[in-house]
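Below is one structure, written out as structure tokens; comments come after it.
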Amino acid sequence: MAEHRYDPKLIEPRWQQVWADERTWEVSNDPDIPGERSYVLVMLPYPSGEPHIGHLKVYSVGDAVAHFHRRTGRRVLNPMGYDAFGLPAENHAIQTGRHPRESTDSSIAQFRRQFREWGISIDWSRELATHEPDYYRWTQWIFLQFFDAGLAYRKEAAVKWCPVDQTVLANEQVVDGHCERCGAEVEARQLEQWFFRITDYADRLLDDLDTIEWPANVKTMQRNWIGRSEGAEVVFRCEELDVDYPVFTTRPDTLFGATFFVMAPEHPDVMRLVAGTDREAEVRDYINHALTESSEERGAADKPKTGVFLGRHVVNPVNGEAIPMYVADYVLMEYGTGAIMAVPGHDERDHAFATAYNLPIRRVVGGHHDELPYTGDGPIVNSHSEFDGLHNRDALIKIVDWLDREGKGHASVNYRLRDWLISRQRYWGCPIPIVKCPSCGLVPVPEEDLPVRLPDITDYAPKGRSPLAAAEDWVNVSCPSCGGAAQRETDTMDTFVDSSWYFLRYCDARNDEAAWDPAVLAEWMPVDQYIGGVEHAILHLLYARFFVKGLKDLGHLGVDEPFARLFTQGMITKDGAKMSKSKGNVVSPQDIVERYGADTARCYVLFIGPPEHDADWSDEGVEGVHRFLSRLWRLCAEAAETGRLDGELVAPLDLEGADLQLARKAAWAIDKVTADLSGRFAFNTAIAAVMELTNEASRLRDEAAPDVRRFALATAASLLFPFAPHTAADAYERLTGRRVWEERWPDADPALLERDVVQIVCQVNGKVRDRVQAAAGASQDELLALCRAAPNVQAHLDGKQIVKEIVVPGKLVNVVAK
RNA sequence: GCGGCGGUGGCGGAAUUGGUCUACGCGAUGCCCUCAAAAGGCAUUGUCCGUUCAGGACUUGUGGGUUCGAGUCCCACCCGCCGCACCA
């Protein structure tokens, strides 16, 4: 017998060549081709350097799903692209002087090459990169659609500014007061910027979460981020200045307990209220101090409450009481109206402030708790005869009705979500297609003039304004509307804009006439299975949902949600820590592929544990998976020497003994792997099942007939294909002469899944005492008799009275005795 | 503080509906093959008691509960991770 050695270096390039030459994974958009469609999408990579182990994992997961969908009869769209604009490439350019396009393109080449070497089944005909004019032309087109619809607008606002990256940031990109990218503490600046009106979609973004199959934690994060609060807006009047101040409250039922009023330091009226009074200096000092404090210091929840009395009063609309006005930094300008009614009896923050400044604390909601503040529910007390005694939740509705009738307030909803700030004062991004004309204002670049190309410049360094401003030839244009001298917008778009619609472009990636043909989009959208990291739970996933809803309202597509199902995979760590160059604990996928082959690398990252969990890398574990692939391949190669398996992959008939045992194991494995891949992502147990089948085939190497062994091994190869495509294709071809990816997913023969003899567990008082063999269809009485006769059961029943007997057919018998 | 997830051998993990806890893999030990090694193969492997042979006791973070039966359900607590957090 010839010696067979598993050599991935020979096997893998061979099959990659076949798939590339035959364009095996390309799908057409022809609507007349029958069959169910499936859009399997993995989040596109940000091309920086080389792929890391996380990429290997996420694309291995996506590929397993794509292959399983194909083999079970679906036409699968599995595209690839690159999120190519962004700060790292630009910062690299600042350091080296090399154009960001060069470093980006060389990184893309690396990613592309490695994806091919990993054997990922990508439809390369749809490849895209967001920095290509062919792509960002349509990013600009979408921007203009939004601009025309009023969904993109420019306004001056207090914004978050990163002093290191020298650009503004979206709220979502500020984490604990620090820039998400570089970690610098952000500053507040008053600037005119471009925004997308995502807040118009707050309710739909919230409600439609119920229509999609996403992990609960991601939905929760989005709900929290949108932060919908129901309550009322109530007007407090300042007689001294003749001004009305509305406040937002979720607890209008506690209005009678409001004993003071607080404004945020940023509130534009604060200085006006004290102008010319003896409190002016003290208030100015306080505000200056509050504004210079970092958002982190100011945001600390346990920080002692501070504030200053303004010397003015407002009238509580429900009881006419004049209550003192304060400025305090625990009130935030960006939420609600920037002013609050303070109810120290029923709010912890107000209570802390009232205690510090000796302000009255009044109980207006009764309860079992004696101590104030009490934030729970209970009957209304000390308020008004009309409401006293009512449960506070009922009183809340009546009080809002009363306010509405009196014109002093109304029911209201507030959101934590802010509009999405999309302009960036940086170079390496999509230009905003707007011309600023002194006479016409903001003028959109006509559609036929798109794309507005990003000009080449020599100095990328940020200087507080976009580096594009220095490209004077580019900036100075004539106004598309009046023809007069005008200037281009020099800010570029947030890179999250680029990635908010790439999944739409994949559907119709080579369309030169439009961003997409809506009919083609209807073929594929929504994405059936989206796969990516949980770090995008808020930013990307919220923005993409907003884009799809906005584009739907404008008539460009027909779905409400982009991603019907979402799967978030866990991180691979090394020695319990996140891999990073600075820690020197990086495992390079390329090294692993080089040493063991892509199939070993892919199988290992799927076998290591449940894919949604974090998992720790183990070099020994990789060896184990490699041994398994090696053994399966070798067994197949040996079995193929003595003959070939023709026709359908079905078990031979009338088997017995070792043959039957092996055929049964194959049927069991088919059943197990199919279940593990149907609606679940249990790749680890699916691979374990193929290992068991392989072990059985190896064990019965000499006892089972050659064609039964070939059947079992071909089944193992077929089931392994979604995880180790090269090895599986090679082994399958040797055994059958056919291509495994062109074969239907195997069906388990029901006759082989059924057992004629089953093992019955015999328990006495719930403890396992023996096991007996019984016919599968045995009656309860027969099972009972068998178990009572079992020697070790007898020993434990000796001298005892049987109280009760429980029979679970096919499984166990429990005899209760005392 | 609030919300979510988790805690099973020496390690990663399995147990799909309350029904044989520890599948599969790693590691470890012994053996076979070999002049030797590599590769490969075979066997054993939760802890403790039992010299053998049976067999027994204990064991899924801790303590209770429900049940014939609990890793799984309920209550309380401990620990770990993630998200949010002065949002009125």
Side-chain angles (χ1 to χ4, degrees), chain A residues 3 5 175-176 215-221 223-225 227-229 231 247-251 254 262 264 298-303 305 328-332 334-343 346-350 352-353 414-417 534-535 537-538 570 603-604 607-610 612-625 627-628 630-631 634 672 675-676 679-680 682 684-692 694-695 698-699 701 759-771 791-792 795-796 803-808 810-817:
Chain A
E3 184 149 334
R5 200 173 70 86
V175 178
D176 290 335
N217 61 327
V218 176
K219 287 190 182 185
T220 305
M221 282 191 241
R223 284 195 188 99
N224 290 344
W225 190 263
R228 182 187 154 104
S229 298
V247 302
F248 175 74
T249 176
T250 54
R251 296 293 305 274
T254 63
V262 191
R298 186 171 161 186
D302 51 356
K303 191 190 159 202
K305 297 282 177 285
D329 65 0
Y330 80 93
V331 175
L332 310 173
E334 58 266 28
Y335 188 77
T337 62
I340 61 154
M341 66 172 204
V343 184
H346 304 283
D347 181 281
E348 281 167 22
R349 296 150 301 171
D350 297 343
F353 191 86
N414 235 285
Y415 301 91
R416 213 187 80 109
L417 182 70
V534 74
E535 65 273 18
I538 296 170
C603 276
Y604 174 65
F607 183 65
I608 189 170
E612 66 273 27
H613 290 173
D614 290 350
D616 206 58
W617 183 269
S618 146
D619 290 333
E620 293 79 16
V622 180
E623 302 256 3
V625 169
R627 272 199 286 273
F628 155 64
S630 181
R631 190 159 49 143
R634 210 172 342 99
K672 172 73 179 152
D676 283 350
R680 309 205 310 159
N684 53 337
T685 50
I687 292 170
V690 182
M691 287 175 171
E692 286 196 49
T694 306
N695 291 345
S698 173
R699 217 174 288 130
R701 195 191 304 233
Q759 192 179 63
I760 301 295
V761 170
C762 307
Q763 296 183 334
V764 177
N765 291 333
K767 288 195 198 295
V768 180
R769 294 303 179 188
D770 220 327
R771 296 177 172 86
N792 202 36
H796 282 88
V803 180
K804 195 174 178 180
E805 288 161 321
I806 286 118
V807 182
V808 182
K811 282 224 165 110
L812 67 79
V813 172
N814 186 13
V815 182
V816 185

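Side chains are part of it too, since the values below use all heavy atoms of this structure and drop only hydrogens, waters and symmetry mates.
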note: A:Asp347, atom CG; B:rA88, atom C1'; distance rounded to Å ~ 6 Å
Counting any heavy atom closer than 4.0 Å, what does A:Lys219 reach on the DNA or RNA strands: base, sugar-phosphate only, or nothing? nothing
With sugar-phosphate meaning primed atoms plus P, OP1 and OP2, does A:Glu805 contact a base, only sugar-phosphate, or nothing at under 4.0 Å between heavy atoms? nothing
Produce a footprint string for nucleotides 23-33 of chain B: one letter per nucleotide, 5' end first; B if the base is under 4.0 Å from any protein heavy atom, S if only the sugar-phosphate is, - if neither. BBSSS------
Atom pairs under 3.5 Å: protein N/O with N/O of nucleotides 67-72 of chain B:
unit_1, atom_1, unit_2, atom_2, d
B:rC68, OP1, A:Lys804, NZ, 3.3
B:rC68, O2', A:Asn814, ND2, 3.2
B:rC68, O2, A:Asn814, ND2, 2.6

Distance-only donor-acceptor check, side chains A:Arg631 and A:Asn695, under 3.5 Å: yes
Tell me whether the count of non-hydrogen atoms from other residues, nucleotides or ligands lying under 6.0 Å of CD in A:Glu692 goes above 12. yes
Mind checking who B:rG63 pairs with, Watson-Crick or G-U wobble, both distances under 3.5 Å? B:rC75
Check every strand shown and say whether A:Leu332 touches a base, only sugar-phosphate, or nothing at a heavy-atom separation below 4.0 Å. base
Quickly work out the A:Met221 CE to B:rC81 P distance and round it to whole Å. 17 Å
Pick one for B:rG12: is it syn, with its angle within 90° of 0, or anti? anti
Look only at the side chain of A:Asn814 and the backbone of A:Ile806, and say whether a donor-acceptor pair between them is shorter than 3.5 Å. no
Between B:rC82 atom P and A:Asn224 atom CG, what is the distance in whole Å? 17 Å
So, does A:Tyr604 use its side chain to make a donor-acceptor pair with the main chain of A:Ser618 at under 3.5 Å? yes
Does A:His796 reach a base, just sugar-phosphate, or nothing at all? Heavy atoms under 4.0 Å. sugar-phosphate
Would you mind classifying the nucleic acid contact of A:Arg769 as base, sugar-phosphate or nothing, using non-hydrogen atoms under 4.0 angstrom? sugar-phosphate
Please classify the nucleic acid contact of A:Asn792 as base, sugar-phosphate, or nothing, using heavy-atom distances under 4.0 Å. sugar-phosphate
Taking for each residue the nucleotide of RNA chain B bearing the nearest heavy atom, is the 5' side occupied by A:Ile538 or by A:Val331? A:Ile538
Walking RNA chain B from its 5' end, the first of A:Leu812 and A:Glu334 to be reached, judged by nearest nucleotide, is A:Leu812
Parallel, tilted or perpendicular: which describes the rings of A:Phe353 and A:Tyr330, with under 30° parallel and over 60° perpendicular? tilted
Side-chain (A:Thr694) to main-chain (A:Val690) donor-acceptor, under 3.5 angstrom: yes
